Amino acid sequence: MLRFETAGESHGECLVATLTGLPAGVPVHSETVNRELWRRQQGFGRGGRMKIETDRAEIVAGVRHSRTIGSPVAIMIRNRDWANWTESLPVEDFAGSEAHWKAVTRPRPGHADLAGAIKYDFHDARYILERASARETTARVAVGAVAKALLAEFGMEVLSHVIAVGGVRLERRADWDELVALSKKDDVLLGCVDGETEGRMKEVVDQAYRTGDTVGGVFEVVAHGVPVGLGSHTTWDARLDGRLAQAIVSIQAVKGVEVGFAAEGAASFGSEVQDTIRYDIEGRRFTRGANRAGGLEGGISNGQDILVRGMLKPISTLRRPLESVDLATREPALAAYERSDVAVVPAAGVIGEAMVALVLAQALLEKFGGDSLAETRRNYDGYLEQVKNF
Ligand code: EPS
């Protein structure tokens, strides 16, 4: 079973992630992981922290001579900002440390601050926000890049784009080649495939900057080259759509997920929604009239592109803070503000890619197993042959 874990606080020494259960022989290169980390840092609307950090992956276990060796892969990403926090958040307490604490006692509406402080019995939300912060997603993206390397061996790719920022929405479908081109760009504005729409998205972010506000949006993750048959209809927790939904909603600030064209489908008749089935006699394969199901039927991948969207609420740290209550005095107070992002939709898309890649890698290994890449490939090729002869 492929599994991953992350640890690390936003202003601690580093973030770490382990990925356990990969077969031996998967090619892994630091530069590929670093490119994904770089992509996560981009986008118009990111905050001051991104100017401090240049996230770099240090692969410290599980990879030798650029290939996995079957043992857990461990990756560390150092926080440059840690240098400014060594006295405020030390591992070992020291006499007089209180004078250096950066206590957060005015919880931000929408953040984990208040619920976390009550639950963990802290009167300082600092200990909560340090882990709740989306800085944690750096570690997810690092192991997600390794999952992508495994998927690439089987012809699968996962990319994303932004389909809405605030009320501005991309009104057309993006094709796969546009997503590939977007992922190769070295100047990321808002991650939208349409320049004119992206310009209008930027105006919304500009407005949020001007007014001390924040803005959310919607990203779409597309998985290309996925074979028919990952996931299963047989039990609720084997359904791939459910597993992808959890992976997407677990991303900080994501409040909603959509598989395929769910919202549109809910407002339509069945005759307009289902993807009709056809057969290509020469190619000896089943084809579809459309892909409104987002590549998933009955919780099983159906061979079409997998489409999942994440809906992000606006970031909860506002420069023009909202009404709150001071945890110490119980008096009304404005919520805490240090610095924050104004919009993070393209970055969230990159995180969404990592999460989708991890879930697909898990489903792939569940179905095909293998301790070495060669063994996994043999099982995979045998299955594809079976599908061809179905
Ligand atoms: C983030 C780093 C954080 C925030 C953001 C994501 O850095 P800092 O808190 O030092 O400014 O910019 O986290 C949040 C949105 C949040 O609410 O905590 C990152 O690396 O993505």
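The model shown is predicted, which means the values in this text are computed figures rather than measured ones. In each ligand, atom 1 is the first atom listed, and ligand 1 is the first ligand listed.
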Heavy-atom contacts with Arg46 under 4.0 Å: which atoms of ligand 1 show up? List them by number with element. 19 (C), 21 (O)

Carboxylate-amine/guanidinium proximity below 4.0 Å for Glu220 and Arg173: yes

Can a salt bridge be assigned to the pair Arg46 and Glu53 using a cut-off of 4.0 Å between side-chain N and carboxylate O? no

If we number the atoms of ligand 1 from 1 as shown, the ones under 4.0 Å from a heavy atom of Ile315 are 15 (C)

So for ligand 1, is Arg108 a polar contact partner (N or O within less than 3.5 Å, distance only)? no

Taking 4.0 angstrom as the limit, do Arg292 and Glu264 come out as a salt bridge? no

For Gln252, is the nearest heavy atom under 4.0 Å from an atom of ligand 1? no

among protein heavy atoms, the one nearest atom 20 (O) of ligand 1 is Arg40 NH2, 2.7 Å

Return a yes/no value for Thr138: is any of its N or O atoms, backbone included, closer than 3.5 angstrom to an N or O of ligand 1? no

Met50: heavy atom below 4.0 Å from ligand 1, yes or no? yes

Can Arg126 and Glu338 be counted as an ion pair, charged N to O under 4.0 angstrom? yes

Which bit of Glu53 gets closer than 4.0 Å to ligand 1, counting heavy atoms only: side chain, backbone, both or neither? neither

Should we say atom CD of Glu5 is surrounded by more than 12 heavy atoms from elsewhere, each under 6.0 Å from it? no

Between Ser316 and ligand 1, is there a nitrogen or oxygen pair with a distance under 3.5 Å? no

Under a 4.0 angstrom heavy-atom cut-off, which atoms of ligand 1 come close to His111? 16 (C), 17 (O), 18 (O)

Contact check: Ser340 vs ligand 1, nitrogen or oxygen atoms, below 3.5 angstrom: no

Indicate, as side chain, backbone, both or neither, the part of Arg135 found under 4.0 angstrom from ligand 1 when only non-hydrogen atoms are considered. both

For His11, state whether at least one heavy atom is located under 4.0 Å from any atom of ligand 1. yes

Would you say ligand 1 has an N or O under 3.5 Å from any N or O of Thr137? no

Strictly below 4.0 Å, N to O, side chains only: are Arg80 and Asp55 in salt-bridge contact? no

Against heavy atoms of Asp341, which atoms of ligand 1 measure under 4.0 Å? 4 (C), 5 (C), 6 (C), 12 (O), 15 (C)

Ile306 and Leu360, any side-chain heavy atoms less than 4.5 Å apart: yes

Taking only heavy atoms of Arg339 into account, list the atoms of ligand 1 that are under 4.0 Å away from them. 8 (P), 10 (O), 11 (O)

Can you confirm whether Asp381 is buried at CG, in the sense that more than 12 heavy atoms of other residues, nucleotides or ligands lie under 6.0 Å from that atom? yes

Thinking salt bridges, do Asp206 and Arg210 make one under a 4.0 Å N-O criterion? no

Ion pair check, Glu196 and Arg200, cut-off under 4.0 Å: yes

Identify the closest protein heavy atom to atom 3 (C) of ligand 1: which residue and atom is it, and at what distance? Ser133 OG, 3.8 Å

Check whether Phe368 forms a cation-pi arrangement with Arg378 (NZ or CZ under 6.0 Å from the six-membered ring centre, at most 45° off the ring normal). no

